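Input: a single structure, listed below in structure tokens.
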Number of protein chains: 2
Amino acid sequence: MDAKTKVQCEARARIIKALGHPSRVHMVEALSRGERCVCELTEMVGADVSTVSKHLSVLKNAGIVKDEKRGSQVFYSLRVPCILDFFGCVEAVLQANAAEHNALMRRLSCAAFGCRTK
Amino acid sequence: MDAKTKVQCEARARIIKALGHPSRVHMVEALSRGERCVCELTEMVGADVSTVSKHLSVLKNAGIVKDEKRGSQVFYSLRVPCILDFFGCVEAVLQANAAEHNALMRRLSCAAFGCRTK
DNA sequence: TGGCCCTTTGGCAATATTGCCAAATGTTTT
DNA sequence: AAAACATTTGGCAATATTGCCAAAGGGCCA
């Protein structure tokens, strides 16, 4: 793998990795519907404020969200709207997984109860 | 966060996380251009075969790729084509990051050399 | 059968991530 | 100024990820 490709893959992976956590997925999804302050996100996620703050800084360092201080609160919002394309494809993978799971279940129950397969 | 949302976010994060590694990004990108055997991917990534095999099993467990054994080789391919939408958005984030980085550099060099800003 | 590929698995040490508490910082209110 | 609130940071233990080596299948061919 040549040096340039390596740097490129690392840059991409860094961004994707930042999205790879349940709480962060949840927060990004909420942010796609509009800005939120840390307190709102904290309430939503149900973890310690400090934990949420650190999650947000991961997203911020990756360039996925931006923050804006207003008074004593900090509001976060998506920096790039297309993040949702992401989730569209994730959904497609999940559906494929579910379909396969169903097929497996069908086969298993055929094996157990002796239904006829081609 | 209610139980259903939690499960949903975990499922999504699991898939995204599987893509969050430089070697895996590289491999998925290659696979988007067609199937590849483990040996090809190994050569491409430049790591130990066992390492590559483990990366592939991460992608497979997430439902991102599928494998097919032919003779003594195993060929991997994408299971869901839209994975590329992913990279499209990642690219957008990278560009936003680069733009911001440039703006920062401009400001810094103004500060250092005293150019005029509005 | 024996030897040679291709691939996966087990094991392990190095490293990174996560989440909480406590404490620090900055802001608004009393 | 003190109290109350919103957020970030430092520290730390628990956990997960990563990558190599060694070893274990399977398949192919002489």
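Note that the structure is a prediction, hence the values are computed from the model and not measured. The sequence lines fix the lettering, A, B, ..., with proteins before strands; numbering per chain opens at 1.
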Exercise. When you measure from every atom of DNA chain C, which of residues 11-40 of chain A have a heavy atom less than 4.0 Å away?
Worked result: Lys17(A), His21(A), Arg24(A)

For this session: Round to the nearest Å and state the distance from Asp67(A) atom CG to dT7(D) atom P.
Result: 11 Å

Problem set entry | Shortest non-hydrogen contact from Gly63(B) toward Arg79(B) | O-NE, 3.0 Å

For this session: Tell me, please, the opening and closing nucleotides of DNA chain C, 5' to 3', among those with an atom under 4.0 angstrom from a non-hydrogen atom of chain A.
Result: dT17(C) to dT28(C)

Problem set entry | Over 12 non-hydrogen atoms of neighbours within 6.0 angstrom of CD in Glu43(B) | no

Problem set entry | ILVMFWY cluster, Leu84(B) and Val90(A) together (side-chain gap under 4.5 Å) | yes

Seminar exercise, completed: For nucleotides 25-30 of chain D, 5' to 3', base contacts (B), sugar-phosphate-only contacts (S) and non-contacts (-) with protein non-hydrogen atoms under 4.0 Å give --SS--

Seminar exercise, completed: Tested for side-chain contact (heavy atoms from CB on, under 4.5 Å) against Val80(A), the lone hit among Leu94(B), Val93(B), Asn97(B) is Val93(B)

For this session: Might you point out which heavy atoms bring Lys17(B) and Gly20(A) nearest each other, and give the distance in Å?
Result: CD-O, 3.5 Å

Exercise. Among Leu78(B), Ile83(B), Val58(B), which residue meets the side-chain contact (heavy atoms from CB on, under 4.5 Å) test with Val65(B)?
Worked result: Leu78(B)

Problem set entry | Ion pair check, Lys66(A) and Glu100(B), cut-off under 4.0 Å | no

Problem set entry | Steps toward side chain to side chain contact (heavy atoms under 4.5 Å, CB included) verdict (Phe87(B), Val28(B)) | CA-CA 10 Å; Phe87(B) 291 123; Val28(B) 166; 3.9 Å; yes

Exercise. Quick one: does Ser57(A)'s side chain have a donor or acceptor within less than 3.5 Å of a partner on Lys54(A)'s backbone?
Worked result: yes

Problem set entry | Shared hydrophobic cluster, Met27(B) / Phe75(B) (ILVMFWY, side-chain heavy atoms < 4.5 Å) | no

Exercise. Which part of the nucleic acid, if any, lies within reach of Phe75(A) when heavy atoms closer than 4.0 Å are counted: base, sugar-phosphate only, or nothing?
Worked result: nothing

Exercise. Can you check whether Tyr76(A) has a side-chain N or O nearer than 4.0 Å to OP1 or OP2 of dT8(D)?
Worked result: yes

For this session: Mind checking Ser50(B) for me? I need base, sugar-phosphate or nothing, with any heavy atom below 4.0 Å counting as a touch.
Result: base

